[in-house]
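Written out below as structure tokens is the structure these notes cover.
Below, chain A is the first sequence line, B the second, and so on; all start at residue 1. These values consider heavy atoms only, across backbone and side chains, with no hydrogens, waters or symmetry-generated copies.
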There are 2 protein chains.
Amino acid sequence: MPETITQSIQDYLKHIYELNENGGAASTNDIATRLNIAPASVTGMLQKLASATPPLVVYKKHQGVTLTKSGEKVALEVIRHHRLLESFLVNTLGYAWDEVHNEADKLEHVISEDFEARMAEALGHPTRDPHGELIPSADLVMPADESCPLASLRTDETATIRRVSDDDPALLRHLREIGVVPEVKIIVKNYSEFDGNLTIKVEGQKSNVVLGTAVTSQVFVDK
Amino acid sequence: MPETITQSIQDYLKHIYELNENGGAASTNDIATRLNIAPASVTGMLQKLASATPPLVVYKKHQGVTLTKSGEKVALEVIRHHRLLESFLVNTLGYAWDEVHNEADKLEHVISEDFEARMAEALGHPTRDPHGELIPSADLVMPADESCPLASLRTDETATIRRVSDDDPALLRHLREIGVVPEVKIIVKNYSEFDGNLTIKVEGQKSNVVLGTAVTSQVFVDK
DNA sequence: CAAAAAATTTAGGCTAGGCTAAAATATTTT
DNA sequence: AAAATATTTTAGCCTAGCCTAAATTTTTTG
Ligand SMILES: [Mn+2]
Ligand SMILES: [Mn+2]
Ligand SMILES: [Mn+2]
Ligand SMILES: [Mn+2]
């Protein structure tokens with residue numbers, strides 16, 4: 001490991017993990033965008049992470065990075081903290097689901113393993129956070145995720161909402177408003193070829209809603 | 001203010017506040033000891049804090065520092081966070097009173113004002129933390145503290161324990177063991193001139209205990 | 001497939017907040 | 001009131017993590 005795993009390093013690894021989940025290697029630019037940092041700064045850090053002992057990422061110039069086993073452990077630890085914290089804030093302090101992300105983003109680096117264990121216990125060892133995102137187990141294994149973007153559904157398909165992206169509070173409030181929350185069933189009434197809009201019926205809601213891809217790409221469902 | 005009030009600055013101001021509470025100005029050395037930092041480094045920071053706009057401390061070479069109004073506000077904010085957190089950890093996550101200090105020392109810099117307000121609400125706006133230490137109000141006023149060290153009592157005096165120093169977990173466990181906790185009444189059975197030992201009877205405890213000054217200087221009582 | 005555009009890296013610099021060693025000032029002892 | 005000791009400050013250095021500007025790939029496009 002680098003002598004010490006700083007807060008900054010934890011953030012790099014967490015975001016690299018999430019980028020790796022989508023496409024393959026995480027690009028310098030994508031990391032920079034996520035962290036709100038200049039690309040040149042990212043390059044410097046990637047070189048450092050790659051030459052740490054043990055290395056935390058695998059880095060080849062101009063080809064982005066993937067996490068090593070060591071790097072992944074660190075990332076999963078941070079993600080577990082983050083998601084348990086979000087659950088804890090909602091359950092114990094009455095936060096709304098659109099208010100927890102920023103708070104958890106700061107706390108995730110600071111709580112002890114004892115704090116983590118006590119939260120997990122108090123919450124009954126949950127496997128998903130308030131947004132439906134999977135929580136890595138105490139021994140840092142990420143459960144398999146079968147879900148696909150709502151945007152990939154077509155007319156007449158039915159599905160169950162599993163999780164929603166949690167980094168835009170305004171989107172979260174809107175989704176709550178229209179009943180698009182985890183474990184709710186939906187059916188696609190119409191797909192528009194031109195703009196990708198989906199008209200869907202949400203279980204328990206009176207009227208249909210039309211959602212653009214900006215929304216449907218952030219909602220994940222199981223068919 | 002310095003452009004930003006870093007975690008480091010918060011720690012300096014918090015410890016300067018506590019040192020000011022005892023004697024007058026806080027000395028470079030005392031601050032260095034508390035923060036576990038070289039005295040030379042402290043000098044540098046004091047100069048910075050003194051020349052910030054507005055200044056956070058009043059500093060005269062070789063004479064230590066006191067807080068300005070601005071500096072005190074920052075210190076009280078951090079102390080309020082710390083003490084509310086300690087209470088919250090005990091009440092909500094079942095921490096023992098000797099386990100909360102280190103956790104709170106990290107979290108105090110990271111929680112939002114919203115988090116602070118939610119904790120205060122959930123706890124019923126407490127005025128003392130688990131060690132009996134006073135919690136500054138939401139508008140950052142520190143309640144008056146009348147208590148004096150247990151060490152200052154003499155034979156036949158009675159008193160009520162109000163607070164105990166919280167930075168030594170082993171001492172806290174020992175105090176809990178012998179029933180020396182806030183709001184408990186005691187009576188001094190004997191004072192030894194030579195070593196300063198006090199023999200005291202603790203309300204609700206069968207036998208008397210003899211306490212040295214290492215202990216009695218860390219326990220504060222109201223007569 | 002060459003030229004333009006985009007992405008990435010290098011080079012050089014900056015601030016925060018530490019450190020040690022040596023110099024200066026205060027305080028205590030004799 | 002010196003001398004010795006303790007405290008504090010200065011000077012010079014270092015690392016972590018950022019930055020911008022310029023150089024270098026890599027990718028896209030006409
Ligand atoms: Mn989140
Ligand atoms: Mn989440
Ligand atoms: Mn404490
Ligand atoms: Mn306390």
Between dT9(D) atom P and Q47(B) atom CD, what is the distance in whole Å?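 To the nearest whole Å, that distance equals 7 Å.
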
How long is the gap from OG1 on T213(A) to CG on D195(A), to the nearest 0.5 Å?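 Here the rounded value is 8.0 Å.
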
Using the six-membered ring wherever Trp is involved, compare the ring planes of Y95(B) and F115(A) and label them parallel, tilted or perpendicular (cut-offs 30° and 60°).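 Geometry flag for F115(A) against Y95(B): tilted rings.
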
B/S/- contact track for nucleotides 16-28 of chain D, protein heavy atom under 4.0 Å: SSSBBB---SS--

Segment of DNA chain C, first to last nucleotide, that comes within the 4.0 Å heavy-atom reach of chain A: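 Contact boundaries, 5' end first: dA7(C) to dT10(C).
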
Between [X] and [Y] (salt bridge meaning N to carboxylate O under 4.0 Å), is one present in this structure?
| X | Y | result |
| --- | --- | --- |
| R83(B) | E108(B) | no |
| R173(A) | E99(A) | no |
| E116(A) | R80(A) | yes |

Can you confirm whether V164(A) sits close enough to W97(A) that some side-chain heavy atom of one is under 4.5 Å from a side-chain heavy atom of the other?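 Yes, their side chains come closer than 4.5 Å.
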
For the side chain of E103(B) and the backbone of S112(A), is there at least one donor-acceptor N/O pair under 3.5 Å apart?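 Judged by distance alone, yes, a pair lies under 3.5 Å.
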
Solution key, residues 34-41 of chain A side-chain donor-acceptor pairs under 3.5 Å, sequence neighbours excluded:
| residue | atom | partner | partner atom | Å |
| --- | --- | --- | --- | --- |
| R34(A) | NH1 | E18(A) | OE1 | 2.8 |

